[in-house]
Amino acid sequence: MHEDFGLWERELKESAKPARDYPALLVTAAVAAGCAILITLGEVAFGIAGLIVSGAILTLWRVGM
């Protein structure tokens with residue numbers, strides 16, 4: 001029984017480490033830049049739609065879905 005508790009405790013400590021998520025940051029920056037370019041080129045509807053959809057996707061990615 002003591003072994004199981006030790007394993008569970010190690011798993012909790014390992015999962016508590018902060019994750020460095022640089023790919024998500026790069027994707028977010030690229031999508032935001034692309035949408036900003038679309039908006040400045042006059043495609044406001046596409047730029048806003050891109051920001052909304054990418055925001056939803058990145059939120060779901062971040063929470064692990």
Side-chain angles (χ1 to χ4, degrees):
M1 189 67 134
H2 182 59
E3 292 280 333
D4 293 336
F5 183 75
L7 177 64
W8 175 74
E9 194 173 38
R10 280 193 303 275
E11 288 177 359
L12 283 178
K13 286 181 182 178
E14 289 174 1
S15 66
K17 293 179 184 174
R20 302 228 185 258
D21 208 5
Y22 293 117
L25 181 64
L26 292 175
V27 169
T28 304
V31 169
C35 290
I37 289 171
L38 280 174
I39 291 171
T40 57
L41 291 175
E43 299 293 334
V44 176
F46 285 128
I48 292 173
L51 287 173
I52 291 170
V53 171
S54 65
I57 291 171
L58 289 170
T59 300
L60 292 174
W61 182 8
R62 185 68 183 156
V63 298
M65 294 184 89

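- Taking Ile, Leu, Val, Met, Phe, Trp and Tyr as members and joining any whose side-chain heavy atoms lie under 4.5 Å apart, directly or through other members, the hydrophobic cluster of L38 also contains F46.
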Could you give the side-chain donor-acceptor pairs of residues 24-35 under 3.5 Å, partners two or more places apart or in another chain?
residue : atom : partner : partner atom : Å
T28     : OG1  : A24     : O            : 2.7

Donor-acceptor pairs under 3.5 Å, side chain of residues 47-57 to any protein atom, not counting sequence neighbours: which ones?
residue : atom : partner : partner atom : Å
S54     : OG   : G50     : O            : 2.8
S54     : OG   : L51     : O            : 3.2

